[in-house]
Amino acid sequence: MDLEPVIGLEIHAQLLTKSKIFCGCAAKFGAPPNTHGCPVCLGLPGALPVLNRRVVEMAMLAGFALDCTINKQSIFARKNYFYPDLPKGYQISQYDMPLCENGRVAIDVAGESKEVRITRVHLEEDAGKLVHDQDEDSLFDVNRCGTPLIEIVTEPDIRSPAEAYACLMAIKRILDYLQVCDCTMEEGSLRCDANVSVRPRGREKLGTKTEVKNMNSFRGVEKALSYELERQRDVIDAGGVIEQQTYLWNPDTNRTVPMRTKEEAHDYRYFPDPDLVPLVVDEQWRERVRSILPELPAHRYQRFIEEYGLTTEHGAILSETRVVAEYFEACIQAGTQPKPAATWVMGEVLRATKEKHVAPSSLHVTPTRLAALLKLVEKGTISAQVAKKVFDAVEESDREPEEIVKERGLAQISDTGALRQTVEKVLNDNPEAVKRYLGGEKKLLGFFVGRTMKATKGNGNPKEINKIVGELLG
Ligand code: ADP
Ligand code: ZN
Ligand code: MG
């Protein structure tokens, strides 16, 4: 049977606020266990939540960027369930009246563009963290309790694992540009659950879906969906039916394993949280947040191609994260031409950021220094080859490229007089080759240039040497 995949994503993003969503505790990741807790996030009796304004603003930014309607009024609800990571016995979330609704995101797969509708973007608090140690014990860490999340839910508009990957990446790029989330799936600051079903192609009615959780990388989502689709097709081809169920992706075995069936699923008994008044966003507040929206990744990508003549591939790499895009544009502002700026950022700069695990803005090779370095190449003071070495030296020493070139004597010998002497010596030392050259073996030119380069320890200006050899043997 020709079965069409149908996929919808639920994406949780940890917001980069200083404090938690309903209390003043720090929302920092990686602090020692149980150092950020208070009566509110521990859910002690009588403690009252107070909504963090920054959280609402970050969620609104995401809402605007995803082309959503921002609701004037939204409601916080209690989602009740018992689990040791939830001291209150309920999670505060938004249910039937979310902050943002009815948006869309554009995706591109294999040159085809389409839109995926966004159902909603709502606010919620995260649960605490359980650490399962080697013994039978589980340890509880309150630090993550009450850290702010947005949940982004898509409509079931996605038709392949590749589209799901593209959709997740498009949303990730947007959140990165908004600087509301650091978007690392590996550390869990971005999490994605994927809902998936199949239906006979051409049929409108949706099939029964399963939900896949626990993917800890962007490609993992694509892989998990491919696996789950294959499994569903096999079940249907064998005459079976799909049961609504949650699966956990195991990245080590590349398989999904069932977690729980719908029958055992929780009844969350949602109801409005009586401790929190409705969230009201008036027009003034909404417009103020809209006015601080930065340039978004899709726009920047397009602009890079049009303004700087980049290929689509290079445009994509250089606009992938906001920090890289900004570094690249700062290079141009510092006087580097777009082409070499693109080459060097995609090459040496990205390599250095990966090696040091830092943002480009933290490199010692600043855009100004890179521009100075490339000026030296342009002027012929150093070759591109030597420039790479100087790049590393600048990065290591935190000093100016010119200083390093001078100090290490890396400047190319462009002094024609000195070079001419060296070339003459090379020709005298190789009379046999000279004879053959004069006899018509013109490709020996490269041999003479190579010998001269060697004699100058690589510091001769190859263009200049070429010219001199040509002149002397002409
Ligand atoms: P639930 O009631 O299980 O939470 P929702 O209707 O709220 O389901 O949808 C949750 C997510 O699942 C959304 O991203 C939605 O697009 C997706 N979804 C819903 N139905 C299907 C289906 N039949 N196949 C694939 N995805 C679906
Ligand atoms: Zn707290
Ligand atoms: Mg739902």
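Every number for a ligand or one of its atoms is a count from 1 in the order of the listing. Only this structure's heavy atoms are used, side chains among them; waters, hydrogens and symmetry mates stay out.
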Asks: If I take atom OH from residue Y227 and atom OG1 from residue T256, how far apart are they, to the nearest 0.5 angstrom?
Replies: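 OG1 of T256 is found 5.0 Å from OH of Y227.
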
Asks: Is there at least one pair of N or O atoms, one from T208 and one from ligand 1, spaced under 3.5 Å apart?
Replies: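 No: no nitrogen or oxygen of T208 is under 3.5 Å from one in ligand 1.
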
Asks: May I ask you to check whether Q245 and T210 show a side-chain donor-acceptor distance below 3.5 Å?
Replies: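 The criterion, which ignores hydrogens and geometry beyond distance, is not satisfied for T210 and Q245.
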
Asks: Looking only at non-hydrogen atoms, which of E155, E211, R117, K209 approaches atom 1 (P) of ligand 1 most closely?
Replies: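 Among E155, E211, R117, K209, the closest heavy atom to atom 1 (P) of ligand 1 belongs to K209.
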
Asks: For ligand 1, which atoms sit closer than 4.0 Å to a heavy atom of P156?
Replies: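 Contacts of ligand 1 toward P156, numbered from 1: 16 (O), 26 (N), 27 (C).
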
Asks: Would the distance check show the side chain of D141 and the main-chain N or O of N34 forming a donor-acceptor pair, the cut-off being under 3.5 Å?
Replies: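 Yes, the answer is positive, given that a donor and an acceptor are paired below the 3.5 Å cut-off.
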
Asks: Check each atom of ligand 1 against the heavy atoms of G207 and keep those under 4.0 Å away; list them by number with element.
Replies: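 Reading through ligand 1 atom by atom, the close ones are 23 (N).
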
Asks: Should you measure from each heavy atom of V6, which atoms of ligand 1 turn up under 4.0 Å away?
Replies: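 Near V6, the atoms of ligand 1 are 24 (N), 25 (C).
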
Asks: Is K213 paired with E211 through a side-chain N to carboxylate O contact shorter than 4.0 Å?
Replies: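 Looking at E211 and K213, the cut-off is met.
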
Asks: Which atoms of ligand 1 sit under 4.0 Å from any heavy atom of V153?
Replies: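 Answer, ordered by atom number: 13 (C), 14 (O).
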
Asks: Judged on heavy-atom distance to atom 15 (C) of ligand 1, which of I242, N195, T154, I152 sits nearest?
Replies: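 Minimum heavy-atom distance to atom 15 (C) of ligand 1 goes to T154.
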
Asks: Once rounded to 10 degrees, what value does the angle at the Zn ion (ligand 2) take between SG (C41) and SG (C38)?
Replies: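 Angle SG(C41)-the Zn ion (ligand 2)-SG(C38): 110°, rounded to 10°.
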
Asks: Mind checking ring pair (Phe, Tyr, Trp, His ring centres under 6.0 Å) for Y177 and listing every partner two or more places apart, or none if nothing turns up?
Replies: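 Applying ring pair (Phe, Tyr, Trp, His ring centres under 6.0 Å) to Y177 gives none.
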
Asks: Could you check, using the six-membered ring where one of them is a Trp, whether Y268 and Y90 have ring centers closer than 6.0 angstrom?
Replies: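 Ring centroids of Y268 and Y90 are no less than 6.0 Å from each other.
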
Asks: Answer side chain, backbone, both or neither: which part of L9 comes under 4.0 Å from ligand 1, heavy atoms only.
Replies: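 For L9, only backbone atoms sit under 4.0 Å from ligand 1.
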
Asks: Under the rule for side-chain hydrogen bond (donor to acceptor under 3.5 Å, both in side chains), what residues qualify as partners of E378, not counting sequence neighbours?
Replies: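 For E378, no residue satisfies side-chain hydrogen bond (donor to acceptor under 3.5 Å, both in side chains) once neighbours in sequence are set aside.
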
Asks: Given atoms SG of C23 and SG of C25, what angle do they subtend at the Zn ion (ligand 2), to the nearest 10 degrees?
Replies: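 Angle SG(C23)-the Zn ion (ligand 2)-SG(C25): 110°, rounded to 10°.
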
